[in-house]
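Every value quoted in this text rests on a predicted model; they were computed, and no experiment measured them. This chain uses plain numbering: 1 for the first residue, then up along the sequence.
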Amino acid sequence: MTEADLAPLLKPLVSGKAYPYVVKLTAQAEPAVSPPWIVYSLIIESPTDVLGGQAETQTSLQVDVYALSIDEARTLREAALGVLKSFDLTQIHKTQSYETDTKLFRATFEALNID
């Protein structure tokens with residue numbers, strides 16, 4: 001799983017506003033797009049070695065959905081999980097919060113993928 005694998009699946013959920021690692025920013029370091037948007041990150045890649053070489057790679061994925069309401073953020077988070085089901089994600093953890101600096105709600109999930 002790479003960032004290039006995730007982009008075409010997540011972008012349609014938010015009219016193209018899905019970004020790896022950080023939302024598109026203005027020169028003043030403010031979001032350059034209106035909500036909702038998605039930020040996705042591949043946090044850790046851990047290869048597993050065996051005597052015959054590399055056996056598999058565990059990749060930790062984080063997807064953050066930013067929206068004007070918590071309901072919209074949660075709905076888009078579930079949609080993101082749905083479009084990424086082909087990656088056989090496991091150990092899914094969901095959180096939600098309110099970002100006081102952006103005045104947006106955030107719904108997040110973290111999950112593992114084993115290739």
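Separating the CG atom in L112 from the CD atom in Q91 is a distance of 4.5 Å, to the nearest 0.5 Å. In this structure, CG on L89 lies 10.0 Å from OG1 on T59, to the nearest 0.5 angstrom. Rounding to the nearest 0.5 Å gives a distance of 5.0 Å between CZ of F109 and CG of L61.
Using a 4.5 Å cut-off between side-chain heavy atoms of Ile, Leu, Val, Met, Phe, Trp and Tyr, with links allowed through other members, V14 and V23 fall into different hydrophobic clusters. Under the 4.5 Å side-chain heavy-atom criterion for ILVMFWY residues, a single connected hydrophobic cluster contains both I92 and L42.
For the side-chain contact (heavy atoms from CB on, under 4.5 Å) test with E78, the passing option among L76, L81, T75 is L81; the others fail.
Pairs engaging residues 63-73 under the side chain to side chain donor-acceptor pair (under 3.5 Å) rule: Q62-D64, D64-T108 [sequence neighbours left out].
In this structure, Q96 and I70 have side chains that are in contact, with non-hydrogen atoms separated by less than 4.5 Å. Counting only heavy atoms from C-beta outward, the side chains of D5 and F87 approach each other to under 4.5 Å. Using a 4.5 Å heavy-atom threshold, the side chains of D88 and I114 count as separate. Residues V22 and V39 form no side-chain contact, since every pair of their non-hydrogen atoms from C-beta on lies 4.5 Å or further apart. No side-chain heavy atom of E30 sits under 4.5 Å from any side-chain heavy atom of L25. Side-chain contact check for I38 versus V63: some heavy-atom pair is nearer than 4.5 Å. Within the 4.5 Å cutoff, no side-chain heavy atoms of W37 are placed close to those of V65. In this structure the side chain of Y40 reaches within 4.5 angstrom of the side chain of L10, judged on heavy atoms.
The main-chain N or O of Q28 is found under 3.5 Å from a side-chain atom of T26 such that the two form a donor-acceptor pair. K17 contributes a side-chain N or O that, together with a main-chain N or O of S34, makes up a donor-acceptor pair within less than 3.5 Å. In terms of modelled atom types and a separation under 3.5 Å, the side chain of R77 and the main chain of R106 share no donor-acceptor contact.
When every heavy atom of A67 is checked against every heavy atom of P35, the shortest pair comes out as CA-CB, 4.2 Å. Here the closest non-hydrogen pair linking P12 and A7 is CD-O, 4.4 Å. Among all heavy-atom pairs drawn from A18 and K11, the shortest one is O-NZ, 3.3 Å.
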Taking it one step at a time, do F105 and R74 satisfy side-chain contact (heavy atoms from CB on, under 4.5 Å)? CA-CA 9 Å; F105 291 90; R74 285 177 187 254; over 6 Å; no
